[in-house]
Asker: 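Just passing along the structure, written as structure tokens.
Every chain is numbered from 1 and lettered A, B, ... according to where its sequence line falls, protein lines coming before strand lines. In what follows, every heavy atom counts, from backbone to side chain, and hydrogens, waters and symmetry copies are set aside.
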Amino acid sequence: MTVRVRFAPSPTGFLHVGGARTALYNWLWARKNEGGVMILRIEDTDAERSTDESIAQILDSLRWLGIDWDEGPFFQSRRADIYTAALKRLIASGHAYRAFETPEELEEMRATAMAEGRDPVYDRRSLNLDEATVQRYLEEKRPYVWRFKVPEGETVVPETLLGDAEGCRFENARLGDFALTRSGTDDEWGLPLYNFCCAVDDADMSITHVIRGSDHLTNTARQMMVLNALGAPIPTYTHLPLILKAGKKMSKRDGDADPRFPVSVSARRDRGYLPEATMNFIALLGWSLDDKAEFFSRQELIEAFTLEGLSKSNANFDEDKYLHMNAWYLRNLPREDVTARVRKVLDEAGYKTAEHDAQWIDTIIGHVIERCRLLTEFPAAVSYFFKAPEAFEEKGVKKIFKGDAAPLLREAAAVIEGLSPFDAATLEAALRALAEERGVGFGKIAQPVRLSVTGTMASPGLFDVLIGVGQQESAARMRRAAELIEKNAVPTFS
RNA sequence: GACCCCUUCGUCUAGGCUGGUCUAGGACGGCGCCCUUUCACGGCGUAAACACGGGUUCAAAUCCCGUAGGGGUCACCA
């Protein structure tokens with residue numbers, strides 16, 4: 001049997017990491033199985049909340065992650081005929097009936113049921129309406145919804161992950177006669193609702209495996225009842241544990257409130273996360289291969305992925321681990337690949353990398369690469385290679401720009417200026433010689449030099465920095481720093 | 001509240017189906033050491049968990065029951 005899966009987002013906001021993981025697992029399952037088909041279905045039956053902008057952003061995020069699809073995107077909003085036909089079949093077979101209650105009546109019904117300790121489900125009052133009353137209501141043009149008449153007994157959701165050997169069981173009556181459509185009249189059919197469309201589409205698209213968040217578990221029982229009523233085959237279901245944020249379900253409503261920890265995929269991209277790291281990290285939130293494997297390329301993920309490897313319990317989103325993984329990819333992806341992406345970020349930050357020697361750009365990126373965890377950290381990290389620091393780290397100035405730092409800097413500048421060739425070995429020998437000559441440890445020279453050239457106390461190896469900055473420029477910066485120290489006018493930042 | 005689901009280090013997890021090889025392994029984070037001109041990277045080491053209570057068994061993290069805790073769902077949203 002060919003595997004057919006779908007990712008079915010509702011375009012009511014951006015794609016968040018939970019949705020991305022659902023998409024990923026479906027995609028992996030399709031790609032892993034010979035001939036597997038990934039379908040993208042946009043569940044936009046809620047015209048009020050669905051937006052074109054969301055659709056664009058969701059597709060964009062999926063593409064960025066490298067998750068592609070074989071069929072679709074299909075839009076439920078354009079499949080009205082299919083749902084109408086299915087509804088007619090349900091009506092004809094006695095599985096659907098009109099319900100005339102107003103929202104207020106339903107609200108009251110729920111409140112009463114709760115107060116009496118019953119389940120807050122629809123009490124079927126319209127089901128028991130006699131024919132004459134129904135006719136009268138219709139003539140009065142009273143709006144109504146079509147409700148699904150749940151059968152007696154129970155529904156056992158065939159679950160690959162949760163529940164017991166058979167799956168998860170639900171008592172149909174407790175699920176209630178849910179609405180299939182929004183309210184309308186005979187002149188104008190009400191628009192179909194989620195549980196109905198979803199079931200119809202899963203059948204219509206011959207979906208074999210439904211992989212989605214476990215927040216849908218109770219919906220699945222409803223959808224199965226519709227599938228059964230339609231005589232459609234039942235796919236197997238896999239309800240994924242949820243990704244928790246601060247212990248609670250991660251939702252679009254959380255938004256990107258905290259800019260440091262956004263939940264949307266696009267905001268993560270903007271923050272400087274790599275798609276490779278994102279995919280890898282997300283894959284491991286609820287799935288694992290064994291007790292060793294951590295890093296998976298796209299292809300390795302496809303090969304390793306199994307439904308058995310899924311975890312049953314909810315997972316917390318660990319920012320540190322995500323960051324760590326991103327840093328790993330920065331260091332381990334092919335260098336030219338990373339360089340290209342970093343150049344883009346640098347250009348966006350105004351560095352105009354095309355105006356510099358490509359080899360030089362690549363070299364300085366190499367110098368800071370293991371000090372950056374996000375693409376967005378690069379502009380600040382390479383700043384002193386492009387321009388002299390305007391201010392110096394306050395802590396460093398206090399600690400290092402003191403004593404005989406200024407004369408030492410002037411001497412070091414003179415040494416550096418006269419060097420030929422200007423390479424790491426020569427530089428090191430000369431600077432060490434100077435330290436020895438002055439009877440100080442190498443750090444006494446290295447630290448002021450670093451601070452004067454970069455403005456900070458932390459940097460890549462000193463010789464790399466000096467070579468990257470350039471012979472004359474380095475010497476000039478050191479002299480300028482000496483001057484500032486002597487005038488006691490070093491501009492600082494903290 | 002009702003229903004459903006889940007429960008191994010702070011976090012993500014391996015192991016659980018097929019009880020003994022688990023004095024519970026890995027990773028992130030923490031701490032310490034090494035490398036070292038700083039910061040990183042890297043290396044080494046270390047603290048840290050089977051929710052609790054009963055069973056079953058020669059033997060339970062693994063099987064059963066109960067309790068507790070957590071999560072999800074209870075729309076004419078998806």
Asker: Check if the side chain of Asp44(A) and the base of A78(B) share a donor-acceptor pair of N or O atoms closer than 3.5 Å.
Answerer: no

Asker: When you check the gap from the basic side-chain N to the acidic O, do Arg268(A) and Glu319(A) get nearer than 4.0 Å?
Answerer: yes

Asker: Tell me whether the rings of Tyr194(A) and His216(A) are parallel (<30°), tilted (30 to 60°) or perpendicular (>60°).
Answerer: tilted

Asker: Inspect the contact between Arg371(A) and Glu377(A) and indicate whether a charged nitrogen and a carboxylate oxygen are less than 4.0 angstrom apart.
Answerer: no

Asker: Check the interface with nucleotides 64-66 of chain B: list each N/O to N/O pair with the protein under 3.5 Å, or write none.
Answerer:
none

Asker: Of all the choices, U73(B), U37(B), C76(B), which nucleotide is nearest to the side chain of Leu193(A) once you look at every atom?
Answerer: C76(B)

Asker: U73(B), OP1 or OP2 - any side-chain N/O from Lys249(A) closer than 4.0 Å?
Answerer: yes

Asker: Let's see if you can work this out: which of C76(B), U37(B), U13(B) has an atom nearest to the side-chain heavy atoms of Ala446(A)?
Answerer: U37(B)

Asker: Is there any protein nitrogen or oxygen under 3.5 Å from a nitrogen or oxygen in nucleotides 39-42 of chain B, and what are the pairs?
Answerer:
unit_1: C39(B); atom_1: O2; unit_2: Arg371(A); atom_2: NE; d: 2.3
unit_1: C39(B); atom_1: O2; unit_2: Arg371(A); atom_2: NH2; d: 3.2
unit_1: C39(B); atom_1: O2; unit_2: Ser459(A); atom_2: O; d: 3.4
unit_1: C39(B); atom_1: N3; unit_2: Arg371(A); atom_2: NH2; d: 2.7
unit_1: A40(B); atom_1: O2'; unit_2: Glu370(A); atom_2: O; d: 2.1
unit_1: A40(B); atom_1: N3; unit_2: Glu370(A); atom_2: OE2; d: 3.2
unit_1: C41(B); atom_1: O3'; unit_2: Arg331(A); atom_2: NH1; d: 3.2
unit_1: G42(B); atom_1: OP1; unit_2: Arg331(A); atom_2: NH1; d: 3.2

Asker: Between Asn26(A) (side chain) and Phe7(A) (backbone), is there a donor-acceptor pair under 3.5 Å?
Answerer: no

Asker: Can you tell me the Watson-Crick or wobble partner of G10(B), both distances under 3.5 angstrom?
Answerer: C28(B)

Asker: With distance as the sole test, does Glu393(A) use its side chain to make a donor-acceptor pair with the main-chain N or O of Lys395(A) at under 3.5 Å?
Answerer: no

Asker: Output the residues of residues 99-108 of chain A in contact with RNA chain B, where contact means a heavy atom of the residue under 4.0 Å from an atom of the strand; sort by number or write none.
Answerer: Glu101(A), Thr102(A), Pro103(A), Leu106(A)

Asker: Between C1' on U38(B) and CZ on Phe392(A), what's the gap in Å once rounded to a whole number?
Answerer: 16 Å

Asker: Does the plane of the ring in His95(A) sit parallel, tilted or perpendicular to the ring in Phe148(A)? Use 30° and 60° as the thresholds.
Answerer: parallel

Asker: Between atom CG in Leu175(A) and atom P in C74(B), what is the gap in whole Å?
Answerer: 11 Å

Asker: Arg182(A) side chain N/O closer than 4.0 Å to the phosphate oxygens (OP1, OP2) of A75(B)?
Answerer: no

Asker: List the atom of Ile282(A), the atom of Arg21(A), and the distance in Å for their closest heavy-atom pair.
Answerer: CG2-CB, 3.2 Å

Asker: Determine, for Asp177(A) against Arg222(A), whether the closest basic-nitrogen to carboxylate-oxygen distance falls under 4.0 angstrom.
Answerer: no

Asker: What integer distance in Å separates Phe75(A):CZ from A78(B):P?
Answerer: 16 Å

Asker: Which part of the nucleic acid does Thr45(A) contact within heavy-atom distance under 4.0 Å: base, sugar-phosphate only, or nothing?
Answerer: sugar-phosphate

Asker: Looking at Glu436(A), I want to see if its CD is surrounded by more than 12 non-hydrogen atoms of other residues, nucleotides or ligands under 6.0 Å.
Answerer: no

Asker: What nitrogen or oxygen pairs link the protein and nucleotides 2-12 of chain B at under 3.5 Å?
Answerer:
unit_1: A2(B); atom_1: O2'; unit_2: Asp119(A); atom_2: OD1; d: 3.2
unit_1: A2(B); atom_1: O2'; unit_2: Arg174(A); atom_2: NH2; d: 2.4
unit_1: C6(B); atom_1: OP1; unit_2: Gly163(A); atom_2: N; d: 3.2
unit_1: C12(B); atom_1: OP1; unit_2: Asn316(A); atom_2: N; d: 2.9
unit_1: C12(B); atom_1: OP1; unit_2: Asn316(A); atom_2: ND2; d: 3.1
unit_1: C12(B); atom_1: O2'; unit_2: Leu284(A); atom_2: O; d: 3.2
unit_1: C12(B); atom_1: O2; unit_2: Lys321(A); atom_2: NZ; d: 3.1

Asker: Around atom CZ of Arg212(A), are there more than 12 heavy atoms from other residues, nucleotides or ligands closer than 6.0 Å?
Answerer: yes

Asker: Between protein and nucleotides 44-46 of chain B, what N or O pairs are separated by less than 3.5 Å?
Answerer:
none

Asker: Measure from the ring center of Phe317(A) to the ring center of Phe281(A) and say whether it is less than 6.0 Å.
Answerer: yes

Asker: Please report whether the ring centroid of Tyr322(A) lies less than 6.0 Å from that of Tyr273(A).
Answerer: yes

Asker: Report yes if a side-chain nitrogen or oxygen of Thr181(A) is closer than 4.0 Å to either non-bridging phosphate oxygen (OP1 or OP2) of C76(B); otherwise report no.
Answerer: no

Asker: Salt-bridge test for Arg169(A) and Glu154(A): reply yes if a basic N is under 4.0 Å from a carboxylate O, no otherwise.
Answerer: yes

Asker: For a side-chain hydrogen bond (donor to acceptor under 3.5 Å, both in side chains) check, start with the C-alpha distance between Thr236(A) and His209(A), then their side-chain angles and the critical distance, and finish with the verdict.
Answerer: CA-CA 5 Å; Thr236(A) 65; His209(A) 300 256; 3.2 Å; yes

Asker: Suppose we define a pair by two distances each less than 3.5 Å, Watson-Crick or G-U wobble; what does C63(B) pair with here?
Answerer: G55(B)

Asker: Side-chain N or O of Arg110(A) versus OP1/OP2 of C76(B): is the shortest distance under 4.0 Å?
Answerer: yes

Asker: Does anything in residues 279-289 of chain A form a side chain to side chain donor-acceptor pair (under 3.5 Å)? List the pairs, not counting sequence neighbours.
Answerer: Asn280(A)-Tyr329(A)

Asker: Does the ring of Phe74(A) carry Arg41(A) above it, NZ/CZ under 6.0 angstrom from centre and within 45° of its axis?
Answerer: no

Asker: Hunt down the Watson-Crick or G-U wobble partner of G19(B), both distances under 3.5 Å, from any strand shown, or write none.
Answerer: none

Asker: Using only atom types and a distance under 3.5 Å, with no angle test, would you say the side chain of Gln471(A) pairs donor to acceptor with the backbone of Ile416(A)?
Answerer: yes

